[in-house]
There are 4 protein chains.
Amino acid sequence: MTTHSAKPEDKRTRILNAAIHVFAENGFFHSKVSDVAKAAGVADGTIYLYFKNKDDLLISLFENRMALALSSLEEAVAAAEGPEGKLRALIRRQFELVAETPEVAEVLTVELRQSSKFMKEYSPAAFADLLKLIAGIVREGLADGSFSTNIPVTHAARMLFGLLDEVTLNWLLSKDKFDITEATDWVVAFILGGLKQGK
Amino acid sequence: MTTHSAKPEDKRTRILNAAIHVFAENGFFHSKVSDVAKAAGVADGTIYLYFKNKDDLLISLFENRMALALSSLEEAVAAAEGPEGKLRALIRRQFELVAETPEVAEVLTVELRQSSKFMKEYSPAAFADLLKLIAGIVREGLADGSFSTNIPVTHAARMLFGLLDEVTLNWLLSKDKFDITEATDWVVAFILGGLKQGK
Amino acid sequence: MTTHSAKPEDKRTRILNAAIHVFAENGFFHSKVSDVAKAAGVADGTIYLYFKNKDDLLISLFENRMALALSSLEEAVAAAEGPEGKLRALIRRQFELVAETPEVAEVLTVELRQSSKFMKEYSPAAFADLLKLIAGIVREGLADGSFSTNIPVTHAARMLFGLLDEVTLNWLLSKDKFDITEATDWVVAFILGGLKQGK
Amino acid sequence: MTTHSAKPEDKRTRILNAAIHVFAENGFFHSKVSDVAKAAGVADGTIYLYFKNKDDLLISLFENRMALALSSLEEAVAAAEGPEGKLRALIRRQFELVAETPEVAEVLTVELRQSSKFMKEYSPAAFADLLKLIAGIVREGLADGSFSTNIPVTHAARMLFGLLDEVTLNWLLSKDKFDITEATDWVVAFILGGLKQGK
DNA sequence: CATGAATGAGACTTCATTCAT
DNA sequence: CATGAATGAAGTCTCATTCAT
């Protein structure tokens with residue numbers, strides 16, 4: 001009756017997964033802890049055995065999922081050749097992730113902004129790492145001559161992130177989802193050539 | 001005393017201004033209606049004479065401020081020459097607005113995203129108009145040969161918006177604000193030339 | 001533009017009439033003073049020039065309408081011959097009044113009970129007068145031998161009132177209103193002969 | 001301590017009992033949910049674990065108490081012989097119930113009328129059953145010749161109910177309560193013989 | 001007299017969190 | 001470890017009443 005295999009970790013994960021669903025559906029503020037508990041199939045009080053409070057649940061979720069996303073992106077980048085290839089791989093993988101787990105993307109995209117404002121101090125480590133990943137590619141491109149710009153690298157990285165972020169959000173909110181491959185092409189083209197590409 | 005009696009509009013405006021402050025400071029969900037009332041120097045109940053409920057206050061605020069921002073941006077664009085000039089004017093004015101009224105920018109940037117998720121259906125008309133403004137410039141540039149890209153115009157416009165949006169957010173959250181003029185230059189450079197500018 | 005003929009009394013009456021409508025529709029507790037004002041075509045504050053507060057409005061309304069109803073009932077009774085005739089006249093007039101002004105009946109029937117509980121001490125004078133009117137008929141009937149009962153007259157009067165009251169309420173709440181003449185016949189028959197009439 | 005742990009039903013019942021007290025004392029509209037909670041010895045929020053809202057509390061109370069009263073009345077009627085005996089038993093039991101639990105009677109008598117107006121559609125099932133019980137006795141009396149009237153049975157039943165209801169209310173509001181036995185006698189006499197009894 | 005914008009006390013209700021079992 | 005009934009603080013909103021015009 002009781003599966004002994006259910007390690008504590010399992011339950012923590014189940015709660016996080018449930019939280020993703022619930023937060024993606026209703027947003028963090030409109031979500032009730034008891035909804036998460038119900039979705040996770042645990043009692044309300046159980047949440048508090050694994051998380052300090054509701055905020056901690058959101059933060060843990062960010063950390064958990066951003067780390068996952070980041071490593072997936074890093075993996076894709078690592079497997080690609082050259083700055084342009086890496087950039088394309090990064091963007092493509094990002095869109096793949098979004099398409100595979102839109103609920104995760106929704107929470108990360110929508111709630112993170114809100115929260116990083118509130119908890120002001122808070123900004124998930126993985127977020128900084130993502131910026132670093134992007135910056136690294138840009139830096140590499142500048143070094144080997146693939147890219148050429150005098151925009152400070154960190155700012156360029158942020159702009160790239162914002163661009164991806166917005167396209168992601170747009171995709172999440174749109175009814176008739178556009179095609180990921182196409183999206184990748186556009187974004188890469190835009191990033192590489194700006195509005196003067198082909199020139 | 002100065003102006004003989006406060007017209008209704010005055011009070012509504014005062015409440016909206018107060019709401020901007022309060023929402024920018026604490027975020028919409030952490031703000032209490034009574035805080036807005038206090039900041040506006042009116043009784044709690046007075047809020048409800050001008051707005052249906054707390055949500056309506058936020059929506060009204062969006063509508064009001066986005067319309068103002070939009071007309072300012074349109075004005076700047078209208079005064080500029082050529083697609084590139086217009087693009088630069090748009091971006092520069094955007095950053096000027098952000099620098100002048102960071103609280104407004106904060107609410108529009110942070111809360112709007114959250115809200116466009118919840119009120120899903122809701123999206124301020126002015127937001128669509130802003131996208132149209134951007135798209136118009138891009139289209140003009142494509143027509144006269146200033147720009148050249150095969151990215152669909154609406155998607156390009158969205159990407160431009162996301163890029164601006166993110167840079168804005170980054171500026172708002174950063175402690176040591178970067179210089180607007182520089183920001184304008186970077187962003188324009190990035191948009192026009194992408195990472196291959198100069199090539 | 002201003003009809004000078006609108007004597008203060010007119011406005012007071014207008015407010016009372018409006019209150020009848022509103023209270024009958026929504027009940028006293030669910031009715032807003034501003035609804036009454038709107039229905040009366042006056043400003044909210046004007047209500048307070050004629051009535052001390054919301055409760056006073058209800059009380060005044062009771063007094064006003066019960067007095068009207070009472071005098072109508074008294075008139076009907078006075079015009080009738082003999083105890084039986086008077087009883088029948090009373091009952092018939094009661095039903096006529098109910099049919100003519102159901103809203104008034106509704107307020108008097110439904111709200112008065114509630115109120116006589118709250119305002120415990122309060123009980124409109126006209127109500128006592130109505131009981132007296134009924135008691136008088138009973139007493140007259142006992143004196144001339146038309147009636148014969150050893151129930152104390154005041155209690156008999158109360159029972160008669162309750163019976164009428166309930167039939168009235170039933171009529172008000174029922175969809176397919178029964179015929180007044182028939183109702184009169186039944187009630188008179190019941191009162192005169194009880195369940196053993198004809199015996 | 002006595003009974004090991006309070007079953008949920010216990011707490012629900014405690015709240016209902018508290019509500020009776022509070023509503024009888026102040027009336028439904030003037031009663032605060034927090035007053036009921038205080039009287040029940042529970043937290044405000046606990047009320048909402050057992051009842052949807054304040055209105056539901058009142059409705060549940062009606063249903064609960066009317067059902068109890070009805071079964072008591074039915075029991076009394078069942079134990080009596082013949083239509084007259086049953087009628088007398090019904091009336092006597094009604095007055096006994098009122099004397100034993102005047103607060104319950106007060107709520108049922110005063111608030112029910114108000115409510116059946118508001119919640120218009122709402123009318124407790126037990127109320128209809130009570131009318132059926134009365135109608136059954138009348139019908140039985142007509143069948144065996146104990147009673148004789150050409151008033152439609154359902155209307156007769158309603159009149160009987162109204163009569164009882166009013167006498168009950170009168171007793172509740174009067175200071176020097178009359179004697180139940182006498183009241184039973186009067187009412188029975190009135191119902192059986194009308195004002196012409198003895199004839 | 002009349003207005004109606006403004007007030008602000010207070011009610012209902014929600015829900016994060018606790019803790020006895 | 002897990003539960004989920006209970007808590008009670010806190011927030012939104014209503015509306016009777018006032019008062020400056």
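Heavy atoms only: backbone and side chains are in, while hydrogens, waters and symmetry mates are out. Below, chains carry the letters A, B, ... as their sequence lines are ordered, and counting in each starts from 1.
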Provide, to the nearest angstrom, the distance between the [atom1] atom belonging to [X] and the [atom2] atom belonging to [N].
X	N	atom1	atom2	value
F29(C)	dA16(F)	CZ	C1'	13 Å
K11(D)	dA5(F)	NZ	C1'	7 Å
R14(A)	dT3(F)	CZ	C1'	14 Å
I47(D)	dA11(E)	CD1	P	15 Å
R12(B)	dA5(E)	CZ	P	15 Å
Y48(D)	dA16(E)	OH	P	18 Å
K54(C)	dT14(F)	NZ	P	15 Å
N53(D)	dC12(E)	CG	P	11 Å

## Note on the structure
From the candidates dA2(F), dA16(E), dT7(F), the one with an atom nearest any side-chain atom of L49(A) is dA2(F)
### Task
Could you work out which one of dT7(F), dG4(E), dT3(F) sits closest to the side chain of A43(C)?
dG4(E)
### Query
Given that G41(D) and V33(C) both sit by DNA chain F, which one's nearest nucleotide is further toward the 5' end?
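Upstream on the strand: G41(D).
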#### Entry: Residue whose nearest DNA chain F nucleotide is more 5′ - G45(C) or D44(A)
D44(A)
### Task
Could you work out the separation of dC1(E) and dT21(F) based on their C1' atoms and round it to a whole Å?
13 Å
### N17(B) side chain to R12(B) side chain, donor-acceptor N/O pair below 3.5 angstrom
no
### Query
Dot-bracket, DNA chain F: Watson-Crick or G-U, under 3.5 angstrom, [ ] crossing, | other strand?
.||||||||||||||||||||
#### Entry: Y50(D) vs dA6(F): side-chain N/O to OP1/OP2 distance below 4.0 Å
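Yes, because at least one side-chain N or O of Y50(D) sits under 4.0 Å from OP1 or OP2 of dA6(F).
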Give a yes or no answer on whether the side chain of [X] reaches the backbone of [Y] with a donor-acceptor pair at less than 3.5 Å.
X	Y	value
S31(C)	V22(C)	yes
S71(B)	L68(B)	yes
K11(A)	T46(A)	no

### Query
Would you call F23(D) and E103(D) a side-chain contact if the rule is heavy atoms closer than 4.5 Å?
no
#### Entry: Pairwise side-chain contact, V36(B) with L57(B), heavy-atom cut-off 4.5 Å (strictly under)
yes
### Whichever of K52(D) and T46(C) has its nearest DNA chain E nucleotide further upstream toward 5'
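The residue mapped nearer the 5' terminus is T46(C).
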### Query
Hey, what's the ring geometry for F29(B) with F29(A), parallel, tilted or perpendicular (30° and 60° as the breaks)?
parallel
